[in-house]
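Step one of this worksheet: look at the structure below.
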Amino acid sequence: QVRLQQSGGGSVQTGGSLRLSCTAAQNYYLLNCLGWFRRVPGKEREAVASIYSGGGVTYEAEAVKGRFTISVDDAKRTWYLQMDGLKLEDTAMYYCAADPRGTDCLVGTWRNAGGYWGQGTQVTVAS
């Protein structure tokens, strides 16, 4: 089992920045695909960004491309989502995710079925 601990988030004005962090408390070696999802009430949870442990190529959803950056620090068992140029439509509950299997990790169809989830953190963008 792997417990994920999120931090970051909060409220910011449009155009502002926030950084989310997610740390695997144990068994980090089991994890393959790491990422972030978000959910707005009434909508499905969507993949925002993802990366393989060890770094390298990343995936960012079209809605956040060029504004959000995902990165990983294996030594700290932690991955990050740097969110710049925040828009009103970025308001959502954000969840970190980690999947031992890694299937579809970088193609936007990753659902983290059977993977692990953080507790969620609210990001609110106001004008």
Side-chain angles (χ1 to χ4, degrees):
Q1 292 297 315
V2 181
R3 182 168 57 88
L4 304 182
Q5 183 62 46
Q6 287 182 231
S7 61
S11 298
V12 67
Q13 290 187 320
T14 54
S17 297
L18 288 171
R19 189 174 83 155
L20 306 181
S21 301
C22 184
T23 299
Q26 68 279 105
N27 296 329
Y28 180 74
Y29 70 95
L30 293 175
L31 305 177
N32 194 357
C33 182
L34 313 170
W36 296 90
F37 288 72
R38 67 185 181 186
R39 180 159 59 193
V40 175
K43 294 187 177 181
E44 278 193 21
R45 185 159 47 190
E46 62 172 348
V48 175
S50 54
I51 189 172
Y52 282 114
S53 59
V57 178
T58 63
Y59 163 82
E60 290 86 21
E62 197 61 37
V64 306
K65 197 167 291 186
R67 300 187 297 118
F68 290 14
T69 304
I70 187 170
S71 60
V72 59
D73 186 334
D74 287 333
K76 295 182 178 179
R77 307 186 314 277
T78 299
W79 55 105
Y80 307 92
L81 185 67
Q82 177 66 41
M83 303 183 292
D84 300 317
L86 282 160
K87 303 178 179 181
L88 295 175
E89 53 264 39
D90 294 319
T91 296
M93 184 71 80
Y94 284 73
Y95 298 88
C96 66
D99 190 341
R101 288 167 295 183
T103 304
D104 295 337
C105 184
L106 302 180
V107 297
T109 56
W110 177 42
R111 293 293 178 263
N112 198 34
Y116 303 98
W117 296 96
Q119 77 274 23
T121 186
Q122 179 67 35
V123 170
T124 301
V125 184
S127 58

> Just how far is it from atom CG of Leu4 to atom OG1 of Thr78, taken to the nearest 0.5 Å?
Replying inline: 10.0 Å
> Any idea which heavy atoms bring Gln122 and Thr91 closest together, and the distance?
Replying inline: NE2-CG2, 3.9 Å
> Hey, which of Tyr59, Trp110, Tyr95 is the one that makes ring pair (Phe, Tyr, Trp, His ring centres under 6.0 Å) with Phe37?
Replying inline: Trp110
>> Would a single hydrophobic cluster contain both Leu18 and Val64, if residues Ile, Leu, Val, Met, Phe, Trp and Tyr are joined by side-chain heavy-atom contacts under 4.5 Å?
In response: yes
>> Could you tell me if the side chain of Val40 sits less than 4.5 Å from the side chain of Glu89, heavy atoms only?
In response: no
> Taking a hydrophobic cluster as the set of Ile, Leu, Val, Met, Phe, Trp and Tyr residues connected by side-chain heavy atoms closer than 4.5 Å, whether directly or through intermediates, do Met93 and Tyr116 fall within one such cluster?
Replying inline: no
>> Looking at every non-hydrogen atom in both residues, tell me the closest pair between Arg77 and Ala25 and how far apart they are.
In response: NH2-O, 3.8 Å
>> Are Trp117 and Arg45 packed together at the side-chain level, in the sense that at least one heavy-atom pair is separated by less than 4.5 angstrom?
In response: yes
>> Taking Val125 as the starting point, is it possible to reach Leu81 by hopping between hydrophobic residues whose side chains are less than 4.5 Å apart?
In response: yes
> With side chains defined as the heavy atoms from C-beta onward, is the minimum distance between Met83 and Val123 less than 4.5 Å?
Replying inline: yes
>> Can you tell me if Gln13 has over 12 outside heavy atoms packed within less than 6.0 Å of its CD?
In response: no
>> To the nearest 0.5 Å, what is the distance between CG on Leu31 and OG on Ser53?
In response: 7.0 Å
>> Can you tell me how far apart OG (Ser7) and CZ (Arg19) are? Round to the nearest 0.5 Å.
In response: 8.0 Å
> Between Gln6 and Tyr94, what is the shortest heavy-atom contact and its length?
Replying inline: NE2-O, 3.1 Å
> Honestly curious: do Leu106 and Ile70 fall in one hydrophobic cluster under the side-chain, below-4.5 Å linking rule?
Replying inline: no
> Between Asn112 and Ala98, which heavy-atom pair has the shortest distance, and what is it?
Replying inline: OD1-O, 3.2 Å
>> Under the criterion salt bridge (charged side-chain N to carboxylate O under 4.0 Å, His left out), I'd like the reasoning laid out for Asp104 against Arg111: C-alpha separation, chi angles, the key distance, then a yes or no.
In response: CA-CA 8 Å; Asp104 295 337; Arg111 293 293 178 263; over 6 Å; no
>> Is the shortest side-chain heavy-atom distance between Leu30 and Tyr28 below 4.5 Å?
In response: no
> In the single-linkage hydrophobic clustering (I, L, V, M, F, W, Y; side-chain heavy atoms under 4.5 Å), do Val12 and Leu20 co-cluster?
Replying inline: yes
> What do the steps show when you test Leu86 against Phe68 for side-chain contact (heavy atoms from CB on, under 4.5 Å), and what is the final call?
Replying inline: CA-CA 9 Å; Leu86 282 160; Phe68 290 14; 3.7 Å; yes
>> Under a 3.5 Å distance rule, please check whether Glu60 uses its side chain to pair with a backbone N or O of Thr69 as donor and acceptor.
In response: no
>> Contact between Ser127 and Leu88 at the side-chain level, heavy atoms closer than 4.5 Å - yes or no?
In response: yes
> Do you know which two heavy atoms are closest between Trp79 and Cys96, and how far apart they sit?
Replying inline: NE1-CB, 3.9 Å
> Around Lys65, counting heavy atoms of other residues, nucleotides and ligands shown, do more than 12 lie under 6.0 Å from its NZ?
Replying inline: yes
>> Can a donor-acceptor pair be found, under 3.5 Å and without considering hydrogens, that links the side chain of Asp74 to the backbone of Gly54?
In response: yes
>> Looking at every heavy atom in both Tyr52 and Val72, which two are closest together, and how far apart are they?
In response: O-CG1, 4.1 Å
